[in-house]
**Q** 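Sending over a structure as structure tokens; questions will come in a sec.
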2 protein chains.
Amino acid sequence: MEAVTKQFRKRNAILAYLQSTTEHPSAEMVFAGLKPQIPDLSLGTVYRNLNLFRKQGLASCVATVNGVERFDGNTNPHVHFICNECDAVIDLMEMQIPATLTSTAESCSGGQVADCQLSFTGKCRSCVRVNQKGGETA
Amino acid sequence: MEAVTKQFRKRNAILAYLQSTTEHPSAEMVFAGLKPQIPDLSLGTVYRNLNLFRKQGLASCVATVNGVERFDGNTNPHVHFICNECDAVIDLMEMQIPATLTSTAESCSGGQVADCQLSFTGKCRSCVRVNQKGGETA
DNA sequence: AATATAAATAAGAATCATTCTTATATAGGA
DNA sequence: TCCTATATAAGAATGATTCTTATTTATATT
């Protein structure tokens, strides 16, 4: 049948994928996630559209973990936790970024602030658990 | 004469360079800065030692700007401003990272927080100035 | 001093995430 | 239909970083 237009089908799928997950995927992760449903998707298309979304403000790169950029389709500024063990990037939605911070940064820097990133690194809940269960043999 | 030991001479020079600047240099920038005084310095040595310092807690990567890691020899947690135009990474030393943030993050995440990064992106003071001087011809 | 061992380094190769190039396909307008 | 724009696939190119190998240097031991 194929009555529906094909235009932007892949672009839309990439954006939808990004907005449907909180795992803050890399380009490869988006590609791997969509490939089963879109067998003729190419990695270059993922990269190209992610960069487009970034320019349009529909997505942003929230971290670079082990040399790999991690994207977020949630454009509301929020806090992240990055696990040094399993490379997970986790939202801390309960936390607020103090509103005064940005204006303070603007006056301190003398420049124009466009964005604010607040993130914590360490060992995430599951990795803490795993280590406890195993027990330390030191 | 060359009475002084040569051991760690390059390692020390790299650490000293990192600690003497606030420009948050990349490995290439450290290499370029030291090459005149140490003509037989190799880029691999810079990378290797920067990673060593990172493991030892003597330095950290505070940002990845345009795919390039930027290092900091100042181990006191502090705030950074990253310019999207000139790629400068600037300290905002006057700003404090609210002490409560880290403990809140730890309880919210359920994990163990090792570090906190707070940074602002936008247009730095000099880039704002340049654009004003030139005037917009739109 | 001679030897052995271990760490530091230079040089360049290898890796790998990302970007770029080219050709093809598709949509919309004249 | 013809023309122009954009989207895409495929794979090549780029470039930051890491790895490998051989060499050098320091230290400990004789």
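Order of the sequence lines fixes the chain letters, A, B, ..., with proteins taken first and strands second; residue numbering starts at 1 for each chain.
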**Q** Rounded to the Å, how far apart are A:Asp40 CG and C:dT26 P?
**A** 10 Å

**Q** Roughly how far apart are B:Ser42 OG and B:Lys10 NZ, rounded to 0.5 Å?
**A** 7.5 Å

**Q** Quickly work out the A:Lys10 NZ to C:dA25 C1' distance and round it to whole Å.
**A** 10 Å

**Q** Going by heavy atoms in the side chains, are A:His80 and B:Gln117 under 4.5 Å from each other?
**A** no

**Q** Write down the distance between CZ (B:Phe31) and P (D:dG15), rounded to a whole number of angstrom.
**A** 17 Å

**Q** Does B:Arg11 put a side-chain nitrogen or oxygen below 4.0 Å from OP1 or OP2 of C:dT9?
**A** yes

**Q** Could you tell me the separation between the CG atom of A:Asn12 and the P atom of D:dT6, rounded to a whole number of Å?
**A** 17 Å

**Q** Can you measure B:Lys35 atom NZ to C:dT9 atom C1' for me and round it to whole angstrom units?
**A** 12 Å

**Q** Who does C:dA2 pair with, Watson-Crick or G-U, both distances under 3.5 Å?
**A** D:dT29

**Q** Which base sits across from D:dA5 as a Watson-Crick or G-U pair, both distances under 3.5 Å?
**A** none

**Q** Which heavy atom of B:Val128 sits nearest a heavy atom of A:Gly111, and at what distance?
**A** CG2-CA, 4.2 Å

**Q** With respect to the side chain of A:Val68, which nucleotide from C:dA10, C:dT18, D:dA16 is positioned closest?
**A** C:dT18

**Q** Examine A:Ile97 and B:Leu101 and state if one hydrophobic cluster contains both, with Ile, Leu, Val, Met, Phe, Trp and Tyr joined whenever side-chain heavy atoms are less than 4.5 Å apart.
**A** yes

**Q** State the syn/anti category of D:dA12 according to its glycosidic angle, syn meaning within 90° of 0.
**A** anti

**Q** I need the CE-P distance between B:Met29 and D:dG15, as an integer number of Å.
**A** 18 Å

**Q** Can you check whether A:Met95 reaches A:Phe120 side chain to side chain, under 4.5 Å on heavy atoms?
**A** yes

**Q** Looking at DNA chain C, which of residues 41-64 of chain A put a heavy atom within less than 4.0 Å of it?
**A** A:Tyr47, A:Asn51

**Q** Atom CG in A:Asn84, atom CD in B:Gln112: separation rounded to 0.5 Å?
**A** 11.0 Å

**Q** Are A:His24 and A:Asp91 close enough that a side-chain donor and a side-chain acceptor fall under 3.5 Å?
**A** yes

**Q** Students often get this wrong, so: under 4.0 angstrom with heavy atoms, is B:Glu69 touching a base, only sugar-phosphate, or nothing?
**A** sugar-phosphate

**Q** Could you state the CZ-C1' distance from B:Arg9 to C:dA7, rounded to the nearest angstrom?
**A** 16 Å

**Q** Measure from CD on A:Glu28 to C1' on C:dT15 and round the result to the nearest Å.
**A** 14 Å

